[in-house]
Visitor: 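Okay, here's the structure, questions in a sec.
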Amino acid sequence: MKLAARVGQLSPSLTLTIDAKAKAMKAEGQDVCNFSVGEPDFPTPDHICKATEAALEAGKTKYGPVAGEPKLRQAIAQKLQKDNNLCYAAENIIVTNGGKHSLYNLMMALINPGDEVIIPAPYWVSYPEMVKLAAGIPVIVQTDDVNQFKITPEQLQQAITPKTRLFVLNSPSNPTGVVYTPDEIRALAQVVVDNDIYVVSDEIYEKLLYDGATHLSIGAVSPEAFDRTIVSSGFAKAYSMTGWRIGYLAGPVDLIKACSTIQGHSTSNVCTFAQYGAIAGLEGPQDCIQEMLSAFAERRQFMLDAINSIPGLSCVKPDGAFYLMPNIQKTGMNSLDFCQALLEEYQVVMVPGIAFGADGFVRISYAADLKTIEKGMERLDKFVRSRI
Ligand code: GLU
């Protein structure tokens with residue numbers, strides 16, 4: 001079949017493809033250590049499930065408003081005000097089918113053919129592809145582990161042209177886990193304001209911070225930065241709700257209305273009763289996040305020590321999310337060969353850095369239990385020692 005030209009430019013999502021392969025191997029009975037997809041291994045907190053069951057009982061099973069249940073939009077606006085110092089009302093919020101969908105809506109609503117979107121690499125696998133789907137041009141700015149994988153204000157300034165429309169900022173970052181300090185965020189905000197471009201701040205990992213790191217939303221830096229900021233987030237990571245598909249976008253009312261029109265012709269509203277679970281997530285007790293966080297903190301330290309004790313590997317210590325991104329260049333392998341051989345010989349699953357625009361690295365998720373991490377790190381050690 002002759003497919004549309006836009007499909008030819010797209011690569012499949014490697015994070016999802018690899019995770020599906022790992023899960024299939026596990027289902028076949030293979031002893032797989034899966035560090036691929038970014039999915040907490042905790043169940044969704046009970047009070048969130050209970051609220052959803054109650055919504056089902058109450059008949060919340062019909063179409064709802066495209067932009068989301070009013071109560072959820074209101075709760076998200078309050079959360080952004082309370083946690084992030086961002087002054088949004090319910091009309092500034094659209095509830096979407098996951099964080100990914102909020103970004104997709106944004107690209108469709110904001111990007112014209114030929115518009116440039118600046119994306120620091122390593123980047124989350126779907127950013128450039130979404131820009132391409134909107135006929136925009138992803139402008140990739142390379143960062144490396146020597147600089148903690150952070151784009152500098154100078155690099156951002158250099159990448160800006162008259163065609164630049166949007167800058168994609170993701171802190172804490174997927175795939176590197178690094179967190180920009182408040183001063184670094186302020187410096188990037190200055191460049192955004194000086195050049196009058198927009199920034200989308202993907203804050204889905206904002207609750208997953210370690211060692212006293214803090215999260216500053218770029219929109220909270222100044223009124224001028226706020227006017228140019230769009231916030232993307234969701235419930236998947238902080239509340240272990242990956243399969244629920246509930247995300248949101250916050251921004252100027254006209255943009256949110258445009259996203260709503262697009263969503264009205266594509267997916268309509270997010271599953272109505274699931275939105276009641278999300279309301280309970282925001283309004284209920286938050287200690288479930290702390291519990292996950294202390295488990296992640298322990299795993300992060302264990303994994304980091306294990307990786308840095310393997311000759312030939314080195315890894316920066318990131319302060320957020322649940323990913324590590326070790327440098328594999330000394331092994332002489334590219335990231336695809338590395339991950340493929342590791343999978344075939346040791347049944348350990350990682351995502352090749354090439355998926356994130358960083359071929360000298362691999363991404364390891366530590367959203368897996370400690371036993372699996374211990375076993376996986378032993379196997380990784382043997383594998384790398386056999387190659388160098
Ligand atoms: N964001 C997660 C990851 O990077 C989920 C998978 C995806 O949607 O790409 O692993």
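Start at 1 and go down the list; that is how both ligands and their atoms are numbered. These numbers were taken from a predicted model, which means no experiment stands behind them.
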Visitor: Looking only at heavy atoms, what is the nearest atom pair of Y366 and G320, with distance?
Guide: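 Heavy atoms only, the tightest pair is OH-O, 4.0 Å.
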
Visitor: For Y180 and K150, which heavy atoms make the closest approach, and how far apart are they?
Guide: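 Looking at all heavy atoms of both residues, the closest pair is OH-CA, 3.4 Å.
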
Visitor: Measure the CD-CD distance between Q74 and E91 for me, rounded to the nearest 0.5 Å.
Guide: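 These two atoms lie 10.5 Å from each other.
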
Visitor: For ligand 1, give me the residues whose heavy-atom distance to it is below 4.0 Å, by chain and number please.
Guide: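 These residues qualify: S13, T15, L16, V37, G38, K100, W124, N174, Y205, K237, Y323, R363.
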
Visitor: Taking G64's backbone N and O only, do any of them form a donor-acceptor pair with N269's side chain (distance below 3.5 Å, no angle check)?
Guide: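 Such a contact is found between N269 side chain and G64 backbone.
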
Visitor: Quick check: does any side chain N or O of Q148 sit under 3.5 Å from a backbone N or O of D145, one acting as donor and the other as acceptor?
Guide: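 Judged by distance alone, no pair lies under 3.5 Å.
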
Visitor: Show the atom names and distances, to 0.1 Å, of all donor-acceptor pairs under 3.5 Å that link a side chain in residues 153-165 to residues at least two apart or in another chain.
Guide:
{"unit_1": "Q155", "atom_1": "OE1", "unit_2": "T152", "atom_2": "N", "d": "3.1"}
{"unit_1": "Q155", "atom_1": "NE2", "unit_2": "Q142", "atom_2": "O", "d": "3.1"}
{"unit_1": "Q157", "atom_1": "OE1", "unit_2": "N195", "atom_2": "ND2", "d": "2.8"}
{"unit_1": "Q157", "atom_1": "NE2", "unit_2": "N195", "atom_2": "OD1", "d": "3.1"}
{"unit_1": "T161", "atom_1": "OG1", "unit_2": "E116", "atom_2": "OE1", "d": "2.7"}
{"unit_1": "T161", "atom_1": "OG1", "unit_2": "K163", "atom_2": "N", "d": "3.0"}
{"unit_1": "T164", "atom_1": "OG1", "unit_2": "T161", "atom_2": "N", "d": "2.8"}
{"unit_1": "T164", "atom_1": "OG1", "unit_2": "T161", "atom_2": "O", "d": "3.1"}
{"unit_1": "R165", "atom_1": "NE", "unit_2": "L110", "atom_2": "O", "d": "3.2"}

